[in-house]
Amino acid sequence: MKAATRKDGPERSCVVTRAVKVPDDLIRFVAGPDGTLVPDLRRKLPGRGVWASLSRKAVAEAVRRKAFERSLKAKVAVPADLPEMIDALMLRDAVQALAMANKAGLVIAGFAKVEALIGSGRCVGVIAASDGAEDGKRKIGQAIRRAAAARETEGLKARELPVVAIFAAADLELALGRAHVIHAALAPGPAAEGVLSRWRRLVRYRTDDIAASDQNDTEDTTEPAGPNAE
């Protein structure tokens, strides 16, 4: 199937739903040297690729239907735990992005410092350990609401402040190189945007739904050979 092209880049079709989307809304897969299907999250691996929607359910449905093998027109070993594997890879990618933001000096840790950054209006994202105490999460929520109320009092538009809750405390300790990290905040900068981008992508992967069972699964969705192949 020939890829469509838009002004903002090439489009590909989901192997399950046949929906035509831009690459940011999909996950690319290739056959590795050993014949095993490999998720190519950065879309840089050589070889003919096949695409699935950025959805855990879409990937699971593709595995169930053997859609990857059919679309690649080759014998390829598809890991039974492929949806879980992708989740783990995306989380690791997000942890690495957080570590890079920390090295760039854009991560503030500790409740008091996080609260201060939120109140300053410079915070672009709050990080709360997924396994942290509910009381701590409640206090963070209160700090965000106080900051929003203060902006409104000053006649400023309230800002939507994302709360990143995909990291466990152990992930935060690994990324930041310090123990007992439950709360953190992101200051403005490209590395911080990288963390938020990966967070949004993982959340979409975990929560996106598809009507896969209602879709036709007979169309070929591999990348064509020639100029469109990657």
Side-chain angles (χ1 to χ4, degrees), residues 1-98 100 166-167 171 193-230:
M1 180 179 178
K2 194 167 184 176
T5 300
R6 295 192 335 183
K7 289 182 179 180
D8 56 352
E11 293 180 327
R12 304 293 185 185
S13 298
C14 171
V15 70
V16 175
T17 67
R18 308 303 164 198
V20 178
K21 304 179 179 182
V22 295
D24 282 349
D25 294 332
L26 299 157
I27 302 173
R28 183 177 187 261
F29 299 83
V30 299
D34 62 352
T36 300
L37 189 74
V38 178
D40 180 19
L41 299 185
R42 298 184 184 276
R43 305 192 291 269
K44 292 182 178 180
L45 295 178
R48 196 180 190 197
V50 61
W51 301 72
S53 292
L54 183 59
S55 163
R56 184 186 182 104
K57 289 185 178 180
V59 174
E61 185 68 9
V63 172
R64 186 186 71 81
R65 295 186 185 185
K66 300 185 184 301
F68 292 120
E69 300 96 310
R70 184 166 57 252
S71 293
L72 285 169
K73 294 181 172 63
K75 290 185 177 180
V76 58
V78 179
D81 62 344
L82 185 62
E84 294 77 16
M85 179 191 302
I86 293 171
D87 191 290
L89 288 172
M90 293 178 72
L91 178 59
R92 186 177 68 183
D93 196 30
V95 170
Q96 291 173 344
L98 183 60
M100 291 178 62
I166 59 173
F167 303 115
D171 297 323
E193 291 303 322
V195 176
L196 295 176
S197 174
R198 286 161 177 79
W199 161 66
R200 293 187 185 100
R201 192 166 171 80
L202 179 53
V203 169
R204 282 188 58 190
Y205 175 74
R206 290 177 173 177
T207 60
D208 264 12
D209 198 359
I210 57 164
S213 59
D214 297 329
Q215 304 295 329
N216 177 359
D217 67 346
T218 61
E219 187 177 359
D220 175 25
T221 61
T222 52
E223 298 167 6
N228 291 316
E230 295 178 9

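Here the structure is a predicted model, which means the values were calculated and not measured. Quick note: residue numbers are just sequence positions, from 1. We use all heavy atoms of the structure for the numbers below, so side chains are in, but hydrogens, waters and symmetry mates are not.
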Assess the residue pair D24 and R43 against the criterion (side chain to side chain contact (heavy atoms under 4.5 Å, CB included)); give the C-alpha distance rounded to whole Å, side-chain angles, the decisive distance to 0.1 Å, and a yes or no. CA-CA 10 Å; D24 282 349; R43 305 192 291 269; 2.9 Å; yes
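- In this structure, R65 and V15 have side chains that are not in contact, with every pair of non-hydrogen atoms separated by 4.5 Å or more.
- In terms of heavy atoms, L54 sits closest to D208 at O-OD2, 3.5 Å.
- For the pair R42 and D93, the minimum side-chain heavy-atom distance is below 4.5 Å.
- Applying the side-chain contact (heavy atoms from CB on, under 4.5 Å) test between L89 and each of I27, L202, L41 identifies L41 as the sole match.
- By the 4.5 Å heavy-atom criterion applied to side chains, W51 and S71 are not counted as neighbours.
- Pairing each heavy atom of V59 with each of I86, the nearest pair is CG1-CD1, 3.8 Å.
- Separation of atoms CZ (R204) and CE (M90) is listed at 9.0 Å; rounding is to 0.5 Å.
- Side-chain contact check for V95 versus L98: every heavy-atom pair is 4.5 Å or farther apart.
- Rounded to the nearest 0.5 angstrom, S55 OG and R206 CZ are separated by 13.0 Å.
- Rounded to the nearest 0.5 Å, atoms CD (E193) and CH2 (W199) are 11.0 Å apart.
- Closest approach of G49 and L72 over heavy atoms only: C-CD2, 4.5 Å.
- Expressed to the nearest 0.5 Å, how far CG of D87 lies from CZ of R92 amounts to 12.5 Å.
- Taking CZ of R18 as the reference point, atom OG of S53 lies at 10.5 Å (rounded to 0.5 Å).
- Between L82 and F29 the shortest side-chain heavy-atom distance falls below 4.5 Å.
- Other residues, nucleotides and ligands place no more than 12 heavy atoms under 6.0 Å from the CE atom of M100.
- Contact annotation: the side chain of V30 never approaches that of P46 to less than 4.5 Å [non-hydrogen atoms, C-beta and beyond].
- Separating the CD atom in E69 from the NZ atom in K75 is a distance of 11.5 Å, to the nearest 0.5 Å.
- Residues A58 and V16 come closest through the heavy atom pair O-CG2, 3.3 Å.
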